[in-house]
6 protein chains.
Amino acid sequence: MQIETRLERGQRQLAKIDGAGGQAVVDALADIAPDFATYLLEFPFGDIYSRNGLSLRDREIATIAALAAMGTATPQLKVHIQAGLNVGITRDEITEILMQMAVYAGFPAALNGLFAAKDVFAAEPE
Amino acid sequence: MQIETRLERGQRQLAKIDGAGGQAVVDALADIAPDFATYLLEFPFGDIYSRNGLSLRDREIATIAALAAMGTATPQLKVHIQAGLNVGITRDEITEILMQMAVYAGFPAALNGLFAAKDVFAAEPE
Amino acid sequence: MQIETRLERGQRQLAKIDGAGGQAVVDALADIAPDFATYLLEFPFGDIYSRNGLSLRDREIATIAALAAMGTATPQLKVHIQAGLNVGITRDEITEILMQMAVYAGFPAALNGLFAAKDVFAAEPE
Amino acid sequence: MQIETRLERGQRQLAKIDGAGGQAVVDALADIAPDFATYLLEFPFGDIYSRNGLSLRDREIATIAALAAMGTATPQLKVHIQAGLNVGITRDEITEILMQMAVYAGFPAALNGLFAAKDVFAAEPE
Amino acid sequence: MQIETRLERGQRQLAKIDGAGGQAVVDALADIAPDFATYLLEFPFGDIYSRNGLSLRDREIATIAALAAMGTATPQLKVHIQAGLNVGITRDEITEILMQMAVYAGFPAALNGLFAAKDVFAAEPE
Amino acid sequence: MQIETRLERGQRQLAKIDGAGGQAVVDALADIAPDFATYLLEFPFGDIYSRNGLSLRDREIATIAALAAMGTATPQLKVHIQAGLNVGITRDEITEILMQMAVYAGFPAALNGLFAAKDVFAAEPE
């Protein structure tokens, strides 16, 4: 029996969590920084998202909140709004998380997050 | 039967979620901006944290993640790490949330969040 | 005689300050987060912009400066550059505010603010 | 008749606007980066704050708002809260500006700004 | 023999470092804030980039890293990725700098920086 | 012959680059998040700083610039100003890097960076 490498575990987790959006990022890195695609699979997904101690649902709540509050990572926020749906957060819950960001990062951060969610929700079958 | 005002609901929610740390913030505003204490109770606590649709546990995961990622709100991060413990997030789960912020906001944001948590954990009875 | 609600006061203030740009934001929220449109009208406009103690002109100077310095809220910066014109700040004064942001938030923040202003100025009759 | 240099004009403006707090910054740079003290006097004060087209009062409203919203420049925010008082903004108006930042940069940014103002107000004779 | 003014020195440095991208920024300011174009030439280029004590190569490493980490200045990051190539940093070295930003500002900042570089590299003859 | 693990390589690189300051961070994590100390050694130091393609000197220029521009990571900035000295950047060059950040992140970011450098320089034998 072979032990799964960090890279293999990361690939498995990325597919499960981020789905096509995550793979698109990995693919887009192929001709500019293929090693960075490897790091992205290994550290965030092979290490962090593979840890016990916090559910994938809770991890995506944290990620959506952080990316919306930062306001500098719209493409990644969209990937993780989709990821949130993939791991069982409902549309209404995602909307609640984004609305709450008005308190901590201001109304523009919440608005921009909500409009990102609107795009993601519109693009997927209900 | 009297209907609870937004302010009263906010005071009740603040006491339940943030406890003494939240009340200390309200008190510190008394001589500089008492109206802001009212807004703080009414909008974040009376409106947002009083909404159905997302559990207090999930709301505090989002808040801890956002404040750690932003990196500009250490006093508020500490209040909400305590709030997280108050609404049932374990120390280990808070540590997981903060570690995960390394992926989205960088290692310094995660480190500073972990050291804030260390202070909060040290100050309360285990 | 009926007392104006926070929501009504907010709607009146939004119309006066942000005009069509503000209403467009409210409308865009209708199908994703209608409650957030209510909060947006109630707290920023019904509460904060309705306070005495600072003129609308001064409030818009503060808002334009803050949004340009943050650099994460271009759509909202454009709405408030228009709002600044609506409440009597001149084009030249807005340009001064944005130029000054180079000192506090760096030349890129000032440049991006100036180019946002250029778009807003171009879109309205002189 | 001699024409005032940018440096001289900057020194005059710094003394008028920031007073002792500004001079303390210039002095603190003497042994690490004296050239940077020169640039600080020349560009922000000799160039920007010496421009016509926006009053010093309006410039300080913009600066206080920007620094509070950014949340990364507490020492400079305190210098400019004092500068705001120096050029005729009242304590209550400064409090209004800082409260308003809750809308754009979140409640923690407003709270931290208000507590910085509390320190500055406490340190000067009323 | 005439002494070069700060403006002339800045124009010379801008042409050498940023090339067409820098001139395009100066041109775009002509109708909204021509004085700001002057400041941009004088302070960053006439003063800072004209200093001895750090090579242009080292200065561009610092600038690319800072702009990628901030995440709020994509147009300027692209200008300075091109500037980095102009002063002798290789494509692979720029990629290394951007990858490293994942450590300090998070994976989204690094990814967005790498995709900006991909655009710049694609637009110039290899 | 044994192959060095990522952790071992990271430990070796951390000792070489950050010295005592880096080890202090690792030690401080021992009782709150020991796994995070492992990740810190493995990814930033075992992976990124161990890559060929960019000298340690260039990597520290990038890191000092990024941390100063972000303005949210003073403890880490101090560690890396020391690290810069350790890998051969001079005090004057570090001062140049920090001064340059005024252009991209504003004068407060540069000032706070310079005062952090002043502390680090004062603490070590000249």
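Values reported hereafter were calculated over all heavy atoms of this structure, with side chains retained and with hydrogens, waters and symmetry mates removed. Within every chain, numbering begins at 1; the chains are lettered A, B, ... in the order of the sequence lines, protein sequences first and strands thereafter. Note that the coordinates shown come from a computational prediction; the quantities given were computed from them, not determined experimentally.
Within the 4.5 Å cutoff, the side chain of Asp31(E) has heavy atoms near those of the Lys118(C) side chain. Side-chain contact check for Pro108(C) versus Thr72(E): every heavy-atom pair is 4.5 Å or farther apart. Put simply, the side chain of Leu29(E) reaches to within 4.5 Å of the side chain of Leu111(C), judged on heavy atoms.
Within a 6.0 Å radius of CG in Asp27(E), other residues, nucleotides and ligands contribute more than 12 heavy atoms.
Distance check: Thr95(C) OG1 to Asp35(E) CG gives 10.0 Å after rounding to the nearest 0.5 Å.
Ring centroids of Phe107(C) and Phe36(E) are separated by less than 6.0 Å, placing the two rings close together.
Ala117(C) touches chain E through backbone and side chain together, each having a heavy atom under 4.5 Å away. Neither the backbone nor the side chain of Val79(E) comes within contact range of chain C, judged by heavy atoms closer than 4.5 Å. Contact of Phe43(E) with chain C is made through the side chain alone, with heavy-atom distances under 4.5 Å. With a 4.5 angstrom heavy-atom cutoff, Leu77(E) does not touch chain C via any of its atoms.
A pairwise comparison of heavy atoms in Ala73(E) and Asn112(C) identifies CA-ND2, 4.1 Å as the closest pair.
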